[in-house]
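Written out below as structure tokens is the structure these notes cover.
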Amino acid sequence: MKFETKLVHSHKEDKETGAVVPAIYETTTYSQEKAGKTKGYDYTRTDNPTRKIFEDFIAKIENGKHALVYSSGMAAINNIFISLLKTGDNIISCNDIYGGTYRSFENEWRKFGIDISYVDTSELKNVRKAINDKTRLIFIETPTNPLLKLTDLERLVKIAKSKNLVSVVDNTFASPYNQKPLVFGVDIVVESTTKYINGHSTVIGGALAVSKDDLYEKLKYHQNAFGAVQDPIASWLNLMFGKTLALRMKKINRNAFHIAQYLENNSLAEKVYYPGLKSHPQHELAKRQMSGYSGIVSFELKKTVDLNNFLKKLKYFTTAESLGGIESLIEVPALMTHASIPKKTREKNGISDYLIRVSVGIEHASDLIKDLSRALKE
Ligand SMILES: *Cc1c(COP(=O)(O)O)cnc(C)c1O
């Protein structure tokens, strides 16, 4: 089954009623024939039929065997550490990780004696060097936020396997339409379904997908024990929105490419970051491990442009955090998504005060380009 078909046919119509769209089982508990004899469900934190349909959907579109869904992307990420780490362990992560994940590492997990080493994982020799005898897990994003740096998944998996480490990839920026880390042998793939899978900026949610049964059992146990599950209505909404992922991503990939090209040829954008451009230093790797380059374009605005005036003049790009919706959004990482990182560290990592990040939507590309062009001129 091809990806587009999986999105639509991940579940069958309801056997009893013929309903084409699955029911929302908004129930917390289930009757038992006799004490202890259930029909497979006893309490919704543990299992719910609507959530299960959404979990099977995620497993299929990630080319995995199992998936678990959570109340947010952060809940999914933290569930990995609760499930797999203990005091004294070390994790290796990339140095431009999502701000919420960074906060969780620094303010929560360090408190419990877990050590985190941040390296530039786009150079795998840095990963090899950082591994010590306490290292248990490698957690990366590819492409990263906001500089769209890539990590070679095939080589990362080789290193992780040779050292018996669990490999985790946060795939939120690519979405499963453009990249399937499990195919490269990655152990756990993370999605903030809030972004491209929901795609309409309506529901917060997170997902994990895996291929191995034992790993699934551990994560599943802690999904229930920790309790940050996606509720039935949110699961149903994400399933419904998720079914059009391929249509949206196809358009988003194309729009983002046009915008990246337009910016590259505009002298008011000093530098453009987009893995689909030939000028991206890892374009060859992007071609190997991604089937499309997704909808995030970052660029360095010339300092002669009045930043706030530029943002205010835009009609179709709303100044807002988040990404992955059908509407185009624009943000200034240094002042918004990455403001919690000290200025010095930010600049060392290449995030200047004039760096702009765009999440491209499904509007007509020519309207978006005209909008940018007008706002840059005025
Ligand atoms: C948004 C995001 C998260 C967190 O997801 P929430 O659903 O907001 O909790 C994690 N990783 C990346 C890359 C994200 O963009």
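Order of listing sets the numbers, starting from 1, for every ligand and every atom in it.
Of the listed residues (Ile114, Leu165, Val168), just one forms a side chain to side chain contact (heavy atoms under 4.5 Å, CB included) with Leu137, and that residue is Val168.
In terms of heavy atoms, Ser298 sits closest to Leu148 at OG-CD2, 3.5 Å.
Using modelled atom types and a 3.5 Å distance limit, the side chains of Asn198 and Thr202 yield a donor-acceptor pair.
The six-membered or imidazole ring of Phe257 lies away from that of Tyr293, with a centre-to-centre distance of 6.0 Å or more.
For NZ of Lys6, the number of neighbouring non-hydrogen atoms (other residues, nucleotides, ligands) closer than 6.0 Å is greater than 12.
Using a 30° and 60° split on the angle between ring planes, Tyr118 and Phe105 fall in the tilted class, from 30° to 60°.
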Is there any protein N/O under 3.5 Å from an N/O of ligand 1, and what does the full list of such pairs look like?
| residue | atom | partner | partner atom | Å |
| --- | --- | --- | --- | --- |
| ligand 1 | 5 (O) | Ser192 | OG | 2.9 |
| ligand 1 | 7 (O) | Gly73 | N | 2.9 |
| ligand 1 | 7 (O) | Ser192 | OG | 2.9 |
| ligand 1 | 7 (O) | Thr194 | OG1 | 2.7 |
| ligand 1 | 9 (O) | Gly73 | N | 3.0 |
| ligand 1 | 9 (O) | Met74 | N | 2.9 |
| ligand 1 | 11 (N) | Asp170 | OD2 | 2.7 |
| ligand 1 | 15 (O) | Lys195 | NZ | 2.8 |

